[in-house]
K.L.:
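If you scroll down you'll find the structure; I have some questions about it.
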Amino acid sequence: MKASKVCRIGLQPKVHTRGTCKAIPRSGACISQCRPYSSYNHFVSKLEPTVNESLPESSLEHAFTLAVKDNIATTDVPTQCASNILASHKSPYEATIVRQLRRRGARVVGKTNMDEFGMGSHSTHSAHGAVRNPLSSGEPRSAGGSSGGSAVAVKLGDAQVALGTDTGGSIRLPAAYTGTVGYKPSYGMLSRHGVVPYANSLDTVGLLAQDVQSIQRLVIETGLAEEHDPNDPTSLPPKTRQRCKRATASLPTAPERLTIGIPLEYNIEELDPSIRQVWQLASSVLGEQGIRIVPVSLPSTKEALCAYYVLAPAEASSNLAKYDGVRYGARGQGGDKEGETLYSETRGAGFGAEVQRRILLGTYTLSSEAIDNYFIQAQKVRRLVQRDFDRVFKVANPLYEPQHFDLSDMDASTPLEDKRGPAQVDFLLCPTAPTFPPTLRELEDQNAVDTYVNDVFTVPASLAGLPAISVPVPVQGSQLPAGLQLIGQFWDDRRLLEVANMVQRWLKA
Ligand code: GLN
């Protein structure tokens with residue numbers, strides 16, 4: 001697909017939307033009142049696009065169906081982030097990424113269900129109710145979150161490609177749980193203009209599809225990865241893009257010239273034995289294909305999850321302050337009664353329990369009494385996580401001055417072998433999730449921290465802003481696949497997708 005060959009599909013959409021109310025009812029059950037579109041509850045609004053027949057046949061050449069996560073602005077249907085506080089919200093403009101994809105032939109088929117404002121790992125914290133995983137025939141299981149609706153739309157073939165957002169794993173985790181491919185680009189590569197922020201320093205927009213190739217075509221071959229968006233202050237500026245491109249453009253992809261690292265710290269006790277086995281098997285398959293497989297150490301991995309769950313809620317608490325019923329968002333019905341404030345009424349009724357928890361957490365960790373112990377410490381851990389990655393990748397991080405391996409960090413007892421520095425790798429391979437998707441009933445018995453543990457393998461790449469992709473791998477004797485994650489150096493997305501494409505082919509059956 002070439003950028004010059006983009007086509008335009010004329011749409012006269014028929015829109016179906018689940019609930020658009022003016023105020024939050026006391027029950028707080030506003031947008032969940034209508035019946036779901038399917039038993040998997042993955043769409044929150046649907047479009048029935050009719051192709052404008054006046055357009056020439058040739059313009060349909062590259063048409064594809066696209067599902068859009070409900071925190072990405074569209075003008076034809078509401079954008080509610082699965083939250084009652086945005087029950088009446090309709091965006092006056094469309095997200096850049098949606099416009100870019102429409103120019104490449106996308107026909108939007110609907111908006112997908114998600115965890116409210118992207119906060120969650122199972123797409124259960126939604127004003128529309130939980131998304132269900134189509135892969136499980138018995139007890140309903142988690143579809144992963146927060147882009148669970150997008151993953152299910154792709155899995156069921158309702159859309160060829162789906163847009164999701166990934167702050168700490170929200171594309172990769174649902175991809176792993178539903179047997180689809182989920183790609184999170186380097187931070188700042190794809191435009192976030194028109195995407196409702198959760199945690200600005202971590203948020204990325206990415207894609208889900210059945211195969212890596214569909215994502216590769218759109219992101220690399222049509223030049224999407226190269227488009228700077230002046231409307232998005234976090235979109236990498238053109239000059240920096242050029243520098244990053246130069247650093248990564250000529251790196252090899254032939255298997256015999258690749259080294260893949262197996263991060264030892266990811267082999268945690270909680271890892272399901274079948275997933276561990278798939279990981280081992282995959283490394284030997286990759287080895288047989290000529291790739292050099294080496295163990296590597298990322299010592300700060302253990303602290304990454306804690307750091308993430310301090311930083312993300314802190315940013316969220318500040319981002320979500322605008323939903324007060326005055327500046328933004330639906331207003332609570334109670335109004336400003338004696339002894340109550342308008343804000344608490346509005347925010348109490350409009351936000352779900354998990355979002356409220358994050359706001360409280362974030363407000364606390366940013367408070368003057370706690371900031372030094374929590375927020376500042378977490379920022380330091382984030383630097384260490386980034387440093388761990390930079391130490392093991394062959395190619396230097398194009399954003400920073402190259403750092404030399406520092407022998408002074410080591411004491412005299414370090415064996416000579418280790419003093420040569422860590423193995424230098426092109427990519428890292430690890431599981432995407434520590435377990436298979438839990439049943440929705442199991443989730444009811446889990447506390448918040450139990451669910452946060454699902455993100456243990458996805459948050460490190462998010463903290464470092466690195467590109468990562470989850471590829472589905474069948475598991476012998478199980479109807480549920482596992483997801484394997486490949487992580488690359490910053491801006492090495494082209495190669496990451498190319499290698500992931502090979503890996504998906506090799507591990508398919
Ligand atoms: N599960 C993580 C969280 O709740 C990640 C969510 C995301 O990537 N949007 O913060």
Side-chain angles (χ1 to χ4, degrees), residues 68-72 81-83 112-126 130-131 142-151 162-177 182-187 190 192 195-208 304-320 351-362 365 378 382 432-435 437-438 443 446-470 483 485 487:
V68 180
K69 186 176 178 180
D70 202 30
N71 58 350
I72 302 176
C81 302
S83 180
T112 56
N113 201 358
M114 55 181 282
D115 285 299
E116 186 177 3
F117 285 103
M119 297 174 198
S121 305
H122 298 288
S123 299
T124 48
H125 302 304
S126 162
V131 179
S142 160
S146 63
S147 312
S150 290
L163 275 173
T165 55
D166 192 313
T167 303
S170 273
I171 288 179
R172 291 162 281 161
L173 190 61
Y177 281 1
Y183 160 66
K184 167 216 165 324
S186 294
Y187 181 82
L190 300 186
R192 273 169 33 195
V195 178
V196 180
Y198 160 13
N200 287 332
S201 77
L202 298 152
D203 290 342
T204 57
V205 180
L207 301 166
L208 295 112
L305 191 66
C306 307
Y308 173 86
Y309 274 99
V310 170
L311 297 173
E315 293 189 30
S317 71
S318 140
N319 266 324
L320 270 57
F351 289 134
E354 184 59 26
V355 171
Q356 291 188 27
R357 188 191 335 268
R358 306 286 179 106
I359 293 173
L360 289 173
L361 263 173
T365 59
R382 186 174 189 173
T432 309
T435 64
L443 286 175
Q446 285 191 359
N447 62 33
V449 176
D450 293 336
T451 62
Y452 299 167
V453 173
N454 284 290
D455 306 333
V456 63
F457 298 145
T458 51
V459 296
S462 300
L463 288 171
L466 302 180
I469 188 165
S470 178
Q485 182 181 213
I487 304 172

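No hydrogens, no waters, no symmetry mates; every other heavy atom, side chains included, goes into these values. Counting starts at 1 for both ligands and their atoms, following the listed order.
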K.L.:
By side chain to side chain donor-acceptor pair (under 3.5 Å), which residues pair with Asn454, not counting sequence neighbours?
P.N.:
His122, Tyr177
K.L.:
Heavy atoms, side chains only, cut-off 4.5 Å: are Asp203 and Thr165 in contact?
P.N.:
no
K.L.:
Relative to the ring of Tyr452, is the ring of Tyr309 parallel (under 30°), tilted (30 to 60°) or perpendicular (over 60°)?
P.N.:
parallel
K.L.:
Could you list all the salt bridge (Lys or Arg N to Asp or Glu O under 4.0 Å) pairs where at least one residue sits in residues 305-319, not counting sequence neighbours?
P.N.:
none
K.L.:
Name the residues in contact with ligand 1, where contact means a heavy atom under 4.0 Å away: which are they?
P.N.:
Gly118, Met119, Gly120, Ser121, Ser146, Asp166, Thr167, Gly168, Gly169, Ser170, Tyr198, Tyr308, Tyr309, Arg358, Asp455
K.L.:
So, Thr112 versus Ser150: side-chain donor-acceptor pair below 3.5 Å or not?
P.N.:
yes
K.L.:
Sorted by first residue and then second, give each salt bridge (Lys or Arg N to Asp or Glu O under 4.0 Å) pair with at least one member in residues 163-172; sequence neighbours left out.
P.N.:
Asp166-Arg172
